[in-house]
Amino acid sequence: MKTTYKNVFKQGPISSEFIGASIAKHQSKTGIGAHNIFLGQVRADEIDGKAVAAIEYTAYEEMANKKFHDIRETTFEKFNLTCMHIYHSLGTVKTGEICLFVFVSSPRRKDVFKALEYVVEAIKKEAPVFGKEIFEDQSHQWKVNS
Amino acid sequence: MKTTYKNVFKQGPISSEFIGASIAKHQSKTGIGAHNIFLGQVRADEIDGKAVAAIEYTAYEEMANKKFHDIRETTFEKFNLTCMHIYHSLGTVKTGEICLFVFVSSPRRKDVFKALEYVVEAIKKEAPVFGKEIFEDQSHQWKVNS
Amino acid sequence: MHIEIKYFGMLAEVTGCSSEILELSVTPVSGLKEFLFKKHPGLQQKDFRIAQNQELVSEETMLTGQEIAILPPFAGG
Amino acid sequence: MHIEIKYFGMLAEVTGCSSEILELSVTPVSGLKEFLFKKHPGLQQKDFRIAQNQELVSEETMLTGQEIAILPPFAGG
């Protein structure tokens, strides 16, 4: 029997409108006092004189969604959060576009700072997501998280 | 001679559209790899059986804008940031609406986490901003930061 | 000398005004506080800090004639 | 037993496929690695981890017949 986990992935970049709409949705939750949002943006790194133009994301999706689920559970156990959302891009995300959106909310600010950093670090370390850095000349190299 | 500092205050709540548009503006800055955003939202706290309906913000504006300026300068000295924006509401902000928007961006994530928490704590501690919690029955009490 | 005193938040409620011009002799901040406690006795029960020319000052700081602000606890964010 | 092996990212480039079904005897992960190094010599120079049934496993873990994934360094975010 296979458990199905919430799908964290979105095809292509995460738009600023989507992020704005996500913030607006929380205005009915009047127990919230503090939101903290992390956005990962694709950087035009220069490597050996060639600039990155885009990252093409792939993932071992079933395992990644399970990991995202586990990270959520652990984060809710560790910190006093009202809610939490994670979205990660798949496919091509150009430089300047957003590929990761993590959103945590709590009655109080102390919790959101610790929780957000915890979640982002866990994603970088544990989620089987792979990034192909595409250069302007269409050559590529594989990204590795530091 | 009086120095004039950037005005951080906005009349009324900070809208999710404004926040979304502010994120969109950063997509041309392709040296950025990480954004971190803090949003303060007015909480419907219940005090002696009465729920907060809104907070009415006032400030010693000249001093507050100078403090916000000082906080910006210190933060840029301490952390490797590409840019930083602070907006704070004046006037009435209803529960569920946003009264504080702090936005920091950097090439790398480690810097944004530390910088954002530093800025928010400094604002809470150093900015002469005052909040009148208005209850549903129109009575009020004065908010104090913890 | 003439000094403008500004009151904010709950302190403007206590004094019934948001600013006033006072005639004061050269004195440290402690002297100003004594003066204000007589004029606005309600201030005695209140927690506040004093800024001169937009910087927080201590009891020993001398008044310079620049703008004074009487500030209740901060509640930004 | 038949086991599905999935390859991701740069490892799919090295093996030239994103998945394949292999006929393997019951063996620990270390045995699987030896087998894969013979079949795809390019893997020997690569840094990777192995997941069985979507959980990372060590060299000593026994194969169970469930899905195996060969994972290059993670690069999410």
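Computed from a predicted structure; not experimentally measured. All chains are named by letter (A, B, ...) in the order of the sequence lines, taking the proteins before the strands, and each is independently numbered beginning at 1.
For Ile19(B), the part sitting under 4.5 Å from any heavy atom of chain A is the side chain, from C-beta outward, and nothing else. Of the atoms belonging to Val112(B), it is side-chain heavy atoms, and not backbone ones, that fall under 4.5 Å from chain A. Contacts of Val52(B) with chain A are absent, with no heavy-atom separation under 4.5 Å from either backbone or side chain. Heavy-atom distances place both the backbone and the side chain of Phe38(B) under 4.5 Å from chain A. Contacts of Lys94(B) with chain A are absent, with no heavy-atom separation under 4.5 Å from either backbone or side chain. In this structure, chain A has heavy atoms under 4.5 Å from both the backbone and the side chain of Glu117(B). Proximity to chain A is absent for every atom of Ser28(B), based on heavy atoms less than 4.5 angstrom apart.
Both tests hold for Lys10(B) against Phe18(B): distance to the six-membered ring centre under 6.0 Å, angle to the ring axis within 45°.
Residue with the most contacts toward chain B among Pro107(A), Gly96(A), Gly20(A), Gly31(A): Gly96(A) (heavy-atom pairs, distance under 4.5 Å). When each of Ala24(B), Ala51(B), Ser22(B), Ser105(B) is scored by its heavy-atom pairs under 4.5 Å with chain A, the top score falls to Ala24(B). Contact count against chain B (heavy-atom pairs under 4.5 Å) is highest for Gln41(A) among Gln27(A), Lys124(A), Gln41(A). Chain A forms the most heavy-atom pairs under 4.5 Å with one residue out of Ala34(B), Gly40(B), Ala21(B), and that residue is Ala34(B). Listed options Glu46(A), Glu17(A), Lys29(A), Arg109(A) were ranked by heavy-atom pairs under 4.5 angstrom with chain B; first place goes to Arg109(A).
Rounding to the nearest 0.5 Å gives a distance of 10.0 Å between CG of Leu116(B) and CZ of Phe79(B). Of the inter-residue distances, the one linking Asn65(B) atom CG with His88(B) atom NE2 reads 11.5 Å to the nearest 0.5 angstrom.
By the 30° and 60° cut-offs, the orientation of the rings of Phe68(B) relative to Phe9(B) is perpendicular. Taking the six-membered ring where tryptophan is involved, the planes of Tyr5(B) and His69(B) are tilted, since the angle between them lies from 30° to 60°.
Of the possible polar contacts, none joining the Glu97(B) side chain to the Ala54(B) backbone as a donor-acceptor pair under 3.5 Å is found.
Between His85(B) and the choices Lys25(B), His26(B), Arg72(B), the side chain to side chain donor-acceptor pair (under 3.5 Å) rule is met once, by His26(B).
The six-membered or imidazole ring of His35(A) lies near that of Phe103(A), with a centre-to-centre distance under 6.0 Å.
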